[in-house]
> 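A single structure is presented below for examination.
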Amino acid sequence: MQAVSVVIPTHLRSHLLRESIASVAAQTLQPVELLVVDDANDPATRAVVEEADARLPFAVRYIRNESGGVCHSRNKGAEAATGKWVGFLDDDDLWHPPFLERLVELGERKRVGLIIAGLLHHEDEQSVKARSQLTDLTPATALLQNGSMTGSNFVIDRAAYFRVGGFDPAVTVFNDWDFFVRLLDAGVAYAVDPEPLAEWRFHPGDRIATPSLRRANGIGFFLNRHGKRMSKQVWRDLETTMLGIRRIHTTNRFEKLTLSAQLIRAHGPVRYFKRILNR
């Protein structure tokens with residue numbers, strides 16, 4: 001099998017990063033290198049990387065991302081990678097030991113540029129749901145239902161990655177979904193291993209799913225870019241999430257009433273009041 005590089009973007013999570021690196025070290029197919037890209041210039045993160053480099057059989061490199069943001073970090077890691085294949089793992093997620101071997105083998109056997117694994121989604125501290133990306137999606141159908149490609153459950157041919165310019169830093173929410181759609185637009189073929197070989201973990205602290213105004217604005221940007229290709233259900237789910245976050249954060253009574261009216265319109269009156277009663 002061709003060589004594979006691993007990229008971990010990280011931001012002030014040295015305690016979780018250590019566990020993510022351990023899951024890379026446990027792979028049945030060892031990478032030629034692990035590139036940890038830090039956008040916070042964190043001494044604790046650098047120490048974890050140096051410790052890993054001293055004890056693991058493959059090179060572990062620390063890369064500083066001066067631009068900030070996970071998309072820039074992934075792109076810097078891919079630029080520095082030397083393997084034909086690149087696997088990405090967020091600093092708060094984990095891979096099961098066969099992840100790299102299964103996905104690289106499938107990619108080479110199917111002769112595709114992108115391979116996506118199933119994953120275990122830890123929705124909260126008790127609930128875990130298995131998810132898998134649908135096969136045979138096209139640019140016309142990729143946004144008709146929610147996707148299951150995250151920043152941690154795929155391996156990609158490095159040439160295919162740069163065919164679309166990597167991750168778009170302008171997309172702050174659902175940048176993985178945006179990346180997948182742009183790959184399909186560019187004609188990159190993909191395959192799916194439905195086995196849940198990655199874990200999308202729940203943990204306390206700031207996460208991309210935290211209901212912040214930054215998330216609401218990011219959803220708005222994503223709707224503006226891709227909304228015309230979405231199903232009504234996907235559009236409604238994203239729009240109501242965005243409006244709900246904005247309603248939580250506003251202190252202006254008129255704006256709160258306006259957002260409430262927009263939520264009623266988006267949900268439909270019956271569905272909206274059922275949600276209120278079920279809280």
Side-chain angles (χ1 to χ4, degrees), residues 4-13 17 20 24 31 33-40 61-93 95 99-100 103 107 112-117 119 133 137 139 142-143 146-190 198 200 206-210 212 214-215 217-227 229 238:
V4 57
S5 300
V6 173
V7 174
I8 299 181
T10 188
H11 180 84
L12 298 174
R13 289 175 178 158
L17 174 64
S20 296
V24 176
E33 62 196 351
L34 168 58
L35 309 168
V36 179
V37 189
D38 177 16
D39 70 354
R61 295 171 52 196
Y62 177 90
I63 299 174
R64 177 79 175 98
N65 169 17
E66 300 288 350
S67 301
V70 67
C71 291
H72 281 299
S73 290
R74 290 179 184 136
N75 292 343
K76 285 187 74 70
E79 288 167 3
T82 61
K84 169 183 170 57
W85 297 102
V86 184
F88 293 86
L89 177 63
D90 287 349
D91 61 359
D92 53 349
D93 294 335
W95 286 340
F99 179 87
L100 287 179
L103 268 61
V112 296
L114 172 69
I115 316 95
I116 307 169
L119 76 157
Q133 183 73 303
L137 291 174
L143 289 150
N146 291 329
S148 293
M149 175 173 150
T150 74
S152 296
N153 69 330
F154 73 95
V155 169
I156 189 168
D157 185 308
R158 188 169 176 272
Y161 186 92
F162 287 109
R163 192 188 304 178
V164 298
F167 281 82
D168 185 351
V171 186
T172 57
V173 178
F174 302 125
N175 47 63
D176 39 25
W177 203 355
D178 171 83
F179 182 54
F180 177 65
V181 171
R182 289 188 293 112
L183 286 167
L184 293 184
D185 284 340
V188 175
Y190 77 101
W200 185 8
D206 189 44
R207 300 158 63 232
I208 190 63
T210 300
S212 63
R214 176 179 177 272
R215 177 168 177 78
N217 293 336
I219 293 172
F221 183 93
F222 189 79
L223 286 169
N224 287 335
R225 174 173 284 191
H226 295 296
R229 291 197 277 181
L238 296 182

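Atom set for the values below is all heavy atoms of this structure, side chains included, hydrogens, waters and symmetry mates excluded.
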> What do the steps show when you test Ser73 against Asn65 for side chain to side chain donor-acceptor pair (under 3.5 Å), and what is the final call?
CA-CA 6 Å; Ser73 290; Asn65 169 17; 2.9 Å; yes

> Suppose we screen for side-chain hydrogen bond (donor to acceptor under 3.5 Å, both in side chains). Which residues come up paired with Thr82, at least two apart in sequence or across chains?
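Checked Thr82 against side-chain hydrogen bond (donor to acceptor under 3.5 Å, both in side chains); matches are Glu33.
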
> Below 4.5 Å, heavy atoms only, C-beta onward: do Val37 and Val7 meet side chain to side chain?
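They are in side-chain contact.
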
> Where is the tightest heavy-atom contact between Thr150 and Asp176, given as atom of each residue plus distance?
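That closest heavy-atom pairing would be CA-OD2, 3.2 Å.
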
> Does Glu79 offer a backbone N or O that forms a donor-acceptor pair with the side chain of Arg158 under 3.5 Å?
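Judged by distance alone, yes, a pair lies under 3.5 Å.
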
> Which atoms form the tightest heavy-atom contact between Gly83 and Ser5, and what is the distance?
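Closest pair (atom of Gly83, atom of Ser5, distance): N-OG, 2.9 Å.
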
> Roughly how far, to the nearest 0.5 Å, is CZ of Phe167 from CG of Asp178?
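With rounding to 0.5 Å, CG (Asp178) is 9.0 Å from CZ (Phe167).
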
> What pair of heavy atoms forms the shortest contact from Val112 to Ala189, and how long is it?
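Where Val112 meets Ala189 most closely, the heavy atoms are CB-O, 3.4 Å.
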
> Between Asn153 and Gln133, does a side chain to side chain contact (heavy atoms under 4.5 Å, CB included) hold up when you go through it step by step?
CA-CA 10 Å; Asn153 69 330; Gln133 183 73 303; 6.0 Å; no

> Hey, are Arg74 and Asp90 close enough for a salt bridge, meaning a charged N less than 4.0 Å from a carboxylate O?
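Looking at Arg74 and Asp90, the cut-off is met.
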
> Using the rule given for side chain to side chain contact (heavy atoms under 4.5 Å, CB included), can you reason through Val4 versus Leu103, listing the C-alpha separation, both sets of side-chain angles and the distance that settles it, and then say yes or no?
CA-CA 11 Å; Val4 57; Leu103 268 61; over 6 Å; no

> Would you check if Tyr190 and Ile116 make a side-chain contact, meaning some heavy-atom pair closer than 4.5 Å?
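The answer is yes, as the side chains (C-beta and beyond) meet within the 4.5 Å cut-off.
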
> On the 0 to 90° scale, with breaks at 30° and 60°, tag the Phe179-Phe154 ring pair as parallel, tilted or perpendicular.
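Taking Phe154 first and then Phe179, their aromatic rings sit tilted (interplane angle of 30° to 60°).
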
> So do Val173 and Phe222 actually touch side chain to side chain, heavy atoms under 4.5 Å?
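Answer no - side chains too far apart.
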
> Could you give the distance from CG (Leu89) to OG1 (Thr10), rounded to the nearest 0.5 Å?
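If we round to the nearest 0.5 Å, Leu89:CG and Thr10:OG1 are 10.0 Å apart.
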
> Could you check Asp92, Asp93, Asp39 and say which one makes a salt bridge (charged side-chain N to carboxylate O under 4.0 Å, His left out) with Arg13?
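Only one option passes, and that is Asp92.
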
> Would you say the side chain of Asp168 lies within less than 4.5 Å of the side chain of Arg225, judging by non-hydrogen atoms?
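Of all side-chain heavy-atom pairs linking Asp168 with Arg225, at least one is under 4.5 Å.
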
> Say you draw a straight line from NE2 of His72 to CD of Glu66; how long is it, rounded to the nearest 0.5 Å?
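One finds 12.0 Å between NE2 of His72 and CD of Glu66.
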
> Might you point out which heavy atoms bring Thr172 and Gly218 nearest each other, and give the distance in Å?
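Scanning both residues completely, I find the closest heavy atoms to be OG1-CA, 3.4 Å.
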
> Under 30°, 30 to 60°, or over 60°: which ring-plane class applies to Phe99 and Trp95, parallel, tilted or perpendicular?
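Geometry flag for Trp95 against Phe99: parallel rings.
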
> With rounding to the nearest 0.5 angstrom, report the CZ to CD1 distance, Phe180 to Ile156.
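If we round to the nearest 0.5 Å, Phe180:CZ and Ile156:CD1 are 10.5 Å apart.
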
> For the pair Asp91 (side chain) and His11 (backbone), establish whether a donor and an acceptor sit closer than 3.5 Å, ignoring hydrogens and angles.
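Flag set: sc Asp91 to bb His11 pair under 3.5 Å.
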
> Does Ile115 form a side chain to side chain contact (heavy atoms under 4.5 Å, CB included) with Trp85? I'd like the steps, not just the answer.
CA-CA 10 Å; Ile115 316 95; Trp85 297 102; 3.4 Å; yes

> Can you see which heavy atom on Phe88 is nearest to which on Ala78, and at what distance?
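Nearest heavy atoms, Phe88 then Ala78: CZ-CB, 4.1 Å.
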
> Keeping the roles fixed (side chain from Arg61, backbone from Val36), state whether a donor-acceptor pair exists under 3.5 Å.
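Checked: no pair found.
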
> Rounded to the nearest 0.5 Å, how far does CD1 of Ile8 lie from CG of Leu17?
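Reported value, rounded in 0.5 Å steps: 5.5 Å.
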
> Would you name the heavy atoms of Leu119 and Ser148 that are closest together and state the gap between them?
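Closest approach of Leu119 to Ser148, heavy atoms only: CD2-O, 3.5 Å.
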
> How long is the straight-line distance from CZ of Arg182 back to CG of Asn175, given to the nearest 0.5 Å?
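These two atoms lie 9.5 Å from each other.
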
